[in-house]
A.B. asks: 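Starting off with a structure, shown below.
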There are 2 protein chains.
Amino acid sequence: MRISTKGRYSVTAMLDLAIHDKAGPVTLADISQCQGISLSYLEQLFARLRKSGLVKGVRGPGGGYRLARPAAEINIAEIICSVDETMDVTRCKGEGNCQNGEKCLTHELWATLSNRLHEFLSGITLAQFVERPGIPELSMQRDKMIGRFLLAKKQAAAINRGVFKNTTDIAGNDLHNLKSN
Amino acid sequence: MRISTKGRYSVTAMLDLAIHDKAGPVTLADISQCQGISLSYLEQLFARLRKSGLVKGVRGPGGGYRLARPAAEINIAEIICSVDETMDVTRCKGEGNCQNGEKCLTHELWATLSNRLHEFLSGITLAQFVERPGIPELSMQRDKMIGRFLLAKKQAAAINRGVFKNTTDIAGNDLHNLKSN
DNA sequence: CAATTCCTGACTAAACTAGTAGGTTAATAA
DNA sequence: TTATTAACCTACTAGTTTAGTCAGGAATTG
């Protein structure tokens, strides 16, 4: 496991998705502007997130990205691993021949530490962050302030088209069961 | 906080130091050979560890590196931070102006996660790993197997010179109070 | 004295980061 | 139907970091 800016960008973007998940897809252009990350770079990161089955893209106007699973079922370790391909844990590459055909001790110790770190990050879900008290209100307030009108517009349009009639999208997770690309 | 191979190398090397601390200084050449890390690269890493006050060097024949403090007082986060200079946590660099003069939400969330990670790694000491059952025995056994005779020789020589008479070096931590470079 | 080992600085190939550029494809709105 | 939107894809790139080499100097020991 390795944690760099790449992983941080991805976690940040995924949190953004999780916060706005109920309002429909979030465009990369939106995230790019809000978080100060270049659009093309975001596209590269999201290509990996998509391949890992963490997000799904919705094309066309009103499209964007949304979580492929409920926020409660996505943990931080997954996100980081999908963009920062795990670095080789040991020098001997599993062969374990660094000490006369046996694994040397420190490798084993490091592997243990590495596992513990992974377990720790696996235990933290996106939902845990989004559901902290005050976050939804703050989020909505700030989106209005900065000009994320797109989401509001999209949501209104969707309601007009009757999109929300047959799903519980606005309230939660049912949409996650729909088929994707 | 960022975790890369650099940090892994350092943690691995520090664990090696901790394991052999009772037998006296460990040479970088030793670690280099055992862990498969180039000597000069190790020297660069140890320059930082030394500046951070985590290790101290002992020059001359029979010299090497040893922990500057007892293994129980050195945690993993310190080691990683001393070689992998902490990356900037947020885009707005503490100015918090990324959303109309306010910190944007995800930055705050990421900062929280980052802190939790740091706390987690701070809570793990070198001693916790070294003192796991069976480690000292395994360590000694393997050192003999692979040809870490240097340590044995050094230790014998030290005993002959009476080095261990006035300290509890062979048993523990008293040597840590001696002055260094 | 010679050998050992830390210590320092300059240099470098390869990899990674963070982006740019220039498209194509699918869905929606006019 | 046509224009627009936004995902999706590929190739390229300046700058940084990684992981290392090389060449020497300084302290300590035998």
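Chain letters run A, B, ... following the sequence lines, proteins first, then strands; residues in each count from 1.
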A.B. asks: Spell out protein contact along nucleotides 21-26 of chain C as letters: B when the base is contacted, S when just the sugar-phosphate is, - when no protein heavy atom is under 4.0 Å; keep the 5' to 3' order.
C.D. replies: ----BB
A.B. asks: Mind checking whether A:Ile80 and A:Tyr41 sit in one hydrophobic cluster, side chains of I, L, V, M, F, W, Y counted as touching below 4.5 Å?
C.D. replies: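 Hydrophobic grouping puts A:Ile80 with A:Tyr41.
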A.B. asks: Counting only N and O atoms by type, is there a donor-acceptor contact under 3.5 Å from the side chain of A:Ser32 to the main-chain atoms of A:Leu28?
C.D. replies: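 Not at all, since once roles are kept as given, no pair shorter than 3.5 Å links the two residues.
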A.B. asks: Round to the nearest Å and state the distance from B:Ile3 atom CD1 to D:dT17 atom C1'.
C.D. replies: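 About 17 Å, once rounded to whole Å.
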A.B. asks: Among B:Val55, B:Leu17, B:Leu42, which residue satisfies the side chain to side chain contact (heavy atoms under 4.5 Å, CB included) criterion with B:Leu49?
C.D. replies: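 So the option named by the test is B:Val55.
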A.B. asks: For B:Gln35 and D:dA19, give me the distance from atom CD to atom C1', rounded to whole Å.
C.D. replies: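 One finds 16 Å between C1' of D:dA19 and CD of B:Gln35, rounded.
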A.B. asks: Can you check whether A:Tyr65 has a side-chain N or O nearer than 4.0 Å to OP1 or OP2 of D:dA6?
C.D. replies: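 For A:Tyr65, the contact criterion (side-chain N or O under 4.0 Å from OP1 or OP2 of D:dA6) is not met.
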A.B. asks: List, with names and distances, any nitrogen or oxygen atoms from the protein found under 3.5 Å away from nitrogen or oxygen atoms belonging to nucleotides 13-17 of chain C.
C.D. replies:
unit_1: C:dT17; atom_1: OP2; unit_2: A:Lys6; atom_2: NZ; d: 2.9
unit_1: C:dT17; atom_1: O3'; unit_2: A:Thr5; atom_2: OG1; d: 3.4

A.B. asks: Rounded to the nearest Å, what distance is computed from the CZ atom of residue B:Arg48 to the C1' atom of nucleotide D:dT18?
C.D. replies: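 One finds 11 Å between C1' of D:dT18 and CZ of B:Arg48, rounded.
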A.B. asks: Check whether any side-chain N or O of B:Arg50 sits under 4.0 Å from OP1 or OP2 of C:dT8, and answer yes or no.
C.D. replies: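 B:Arg50 to C:dT8 OP1/OP2: side-chain N or O found under 4.0 Å.
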A.B. asks: Starting at CG of A:Leu42 and ending at C1' of C:dT20, how long is that distance when rounded to a whole Å?
C.D. replies: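 In whole Å, C:dT20 C1' and A:Leu42 CG are 14 Å from each other.
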A.B. asks: Hey, are A:Glu78 and A:Arg69 close enough for a salt bridge, meaning a charged N less than 4.0 Å from a carboxylate O?
C.D. replies: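 The answer is yes: the pair qualifies as a salt bridge.
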A.B. asks: Is the backbone of A:Asp16 close enough, under 3.5 Å, to the side chain of A:His20 for a donor and an acceptor to pair up by distance?
C.D. replies: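 Flag set: sc A:His20 to bb A:Asp16 pair under 3.5 Å.
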A.B. asks: Could you tell me the separation between the CG atom of A:Leu49 and the C1' atom of D:dA7, rounded to a whole number of Å?
C.D. replies: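 Taking CG of A:Leu49 and C1' of D:dA7, I get 14 Å after rounding.
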A.B. asks: Heavy atoms only, 4.0 Å cut-off, all strands: where does B:Phe46 land among base, sugar-phosphate and nothing?
C.D. replies: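 Contact class for B:Phe46: none.
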A.B. asks: Once you round it to whole Å, what is the distance between P of C:dC6 and NZ of B:Lys51?
C.D. replies: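 Interatomic distance, NZ of B:Lys51 to P of C:dC6: 16 Å.
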A.B. asks: Let me see the working for B:Leu67 and B:Leu54 under side chain to side chain contact (heavy atoms under 4.5 Å, CB included), right down to the final yes or no.
C.D. replies: CA-CA 6 Å; B:Leu67 300 181; B:Leu54 292 173; over 6 Å; no
A.B. asks: Is there a side chain to side chain contact (heavy atoms under 4.5 Å, CB included) between A:Met14 and A:Tyr65? Walk through the geometry before answering.
C.D. replies: CA-CA 10 Å; A:Met14 289 289 283; A:Tyr65 276 100; over 6 Å; no
A.B. asks: With the 4.5 Å side-chain cut-off for hydrophobic clustering, are A:Leu121 and B:Ile124 part of the same group?
C.D. replies: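 Yes, A:Leu121 connects to B:Ile124 through the hydrophobic network.
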A.B. asks: If the plane angle is over 60° it's perpendicular, under 30° parallel, otherwise tilted; pick one for A:Phe120 and B:Phe120.
C.D. replies: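 Ring orientation of A:Phe120 relative to B:Phe120: parallel.
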A.B. asks: Take atom CG of B:Leu28 and atom P of C:dT8, then tell me their distance rounded to the nearest Å.
C.D. replies: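 Atom CG in B:Leu28 sits about 12 Å away from atom P in C:dT8.
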A.B. asks: Mind calculating the distance between CG (B:Leu39) and C1' (D:dA19) to the nearest angstrom?
C.D. replies: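 So the two atoms are 13 Å apart, to the nearest Å.
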